[in-house]
2 protein chains.
Amino acid sequence: MNTQPELIPHQGEACLASVKAVKDALYVLSGKWKLPLILTLSNGPLRFKEIQRALGEITPKILSKELKELELNEFVERKVFSTVPVTVLYELTPYSKSLDKVLDELRNWGLQHRQRIMHQPPIVSED
Amino acid sequence: MNTQPELIPHQGEACLASVKAVKDALYVLSGKWKLPLILTLSNGPLRFKEIQRALGEITPKILSKELKELELNEFVERKVFSTVPVTVLYELTPYSKSLDKVLDELRNWGLQHRQRIMHQPPIVSED
DNA sequence: GATACCGGTATCCTTTGGGATAGTAGTATC
DNA sequence: GATACTACTATCCCAAAGGATACCGGTATC
């Protein structure tokens, strides 16, 4: 019992690749504003200021950063129109729909998990 | 064109609830170590020090914190045995399997997304 | 009695995410 | 010429996440 040299190597490449892939996926959804932003744009394209007003609390610096990340991931397209004052529209790409299944799974799991944790408080140690 | 008072209220409760649910789900997977930890334990229960050695870089403080969070979410069970030096085993619960579908979706999406972003570099503005 | 192993905790420090505030260029209006 | 609008950028700041290092109480071994 005192011999525990079983160093479980186990760090298979497949495992590491899986972790990396999941992290990639989590990354594009991470942060405080990605989800609300995608949701807001799902009702149609909006201008910068309009998004700001719709989200209510976000500062231009953060909004700019988030939009750029969404652009890099090809979820959002930025369209500039040479109008009176320039108009910049942000709109979801068709590719952004590829997230739907993932988001659905996450939403369902999140819902049932909250139910579970709420209704079934963990075993309290009785001391 | 200059009248843009369309203040898109749109903050429906269903939307907000979805965001909350997805955030709940993301939360339990967030952080640097949750995924590697779950993966490491999926090969069978391990002791504290064994996990530390298997992960390689994690400090005891962080490992302790992560394990407590996994316990709170009922993904991991902590079992204490009154052996020579005390033995503490951490093992995945059956409930942790409920994450499998979610993780699978995330993994698949992450894989295809990396392919897409890599093979199809974004349109570079030609100036 | 010194050292080592186990399962952690305590204290401090650095990095990162996010935000507040101000300012920019261009045009139009008063 | 002052103000206002759009779409941002720049600078500074704060809090949270993560980590380095040291330590604790218990037992066994040298």
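Within every chain, numbering begins at 1; the chains are lettered A, B, ... in the order of the sequence lines, protein sequences first and strands thereafter.
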> Assuming nearest nucleotide by heavy-atom distance, tell me which of A/I58 and A/P85 is located more 5' along DNA chain C.
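The answer here is A/I58.
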> If only atom types and distance count, is the side chain of A/T87 paired as donor or acceptor with the main-chain N or O of A/T83 below 3.5 Å?
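Judged by distance alone, no pair lies under 3.5 Å.
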> Whole angstrom is fine here: how far is it from CD1 in B/I51 over to P in C/dC5?
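The answer, rounded to whole Å, is 19 Å.
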> In this structure, how many angstroms lie between the P atom of D/dA17 and the CG atom of B/L63, rounded?
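Atom CG in B/L63 sits about 17 Å away from atom P in D/dA17.
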> Given 3.5 Å as the limit, does a donor-acceptor pair link the side chain of A/S96 with the main chain of A/L92, or not?
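Answer holds: no.
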> Check whether any side-chain N or O of A/W33 sits under 4.0 Å from OP1 or OP2 of C/dG19, and answer yes or no.
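Yes.
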> Using a 4.0 Å cut-off on heavy atoms, which residues in residues 22-32 of chain A reach DNA chain C? List them by number, or say none.
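Nucleic-acid contacts, sorted: A/G31, A/K32.
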> List, by chain and number, the other hydrophobic cluster members for B/F81, where Ile, Leu, Val, Met, Phe, Trp and Tyr join if side-chain heavy atoms come within less than 4.5 Å, directly or indirectly.
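B/L89, listed by chain and number.
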> May I have the step-by-step check of side-chain contact (heavy atoms from CB on, under 4.5 Å) for B/Y90 and B/L46, ending in yes or no?
CA-CA 5 Å; B/Y90 291 91; B/L46 290 178; 5.9 Å; no
> Should B/D104 and B/R107 count as an ion pair when the cut-off is N to O under 4.0 Å?
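Yes, B/D104 and B/R107 are salt-bridged.
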> Mind listing the closest non-hydrogen atom pair of A/L70 and A/K34 along with its distance?
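Closest heavy-atom pair between A/L70 and A/K34: CD2-CD, 3.7 Å.
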> Restricting to non-hydrogen atoms, name the atom on B/K32 and the atom on A/K23 that form the minimum distance, rounded to 0.1 Å.
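Here B/K32 and A/K23 meet closest at O-NZ, 3.4 Å.
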> Output one letter per nucleotide in nucleotides 7-16 of chain C: B when a protein non-hydrogen atom lies under 4.0 Å from the base, S when only the sugar-phosphate is that close, - when neither is.
BBBBBB----
> Any side-chain donor paired with an acceptor under 3.5 Å for B/Y95 and A/H113?
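Checked: B/Y95/A/H113 side chains pair up, N/O donor to acceptor below 3.5 Å.
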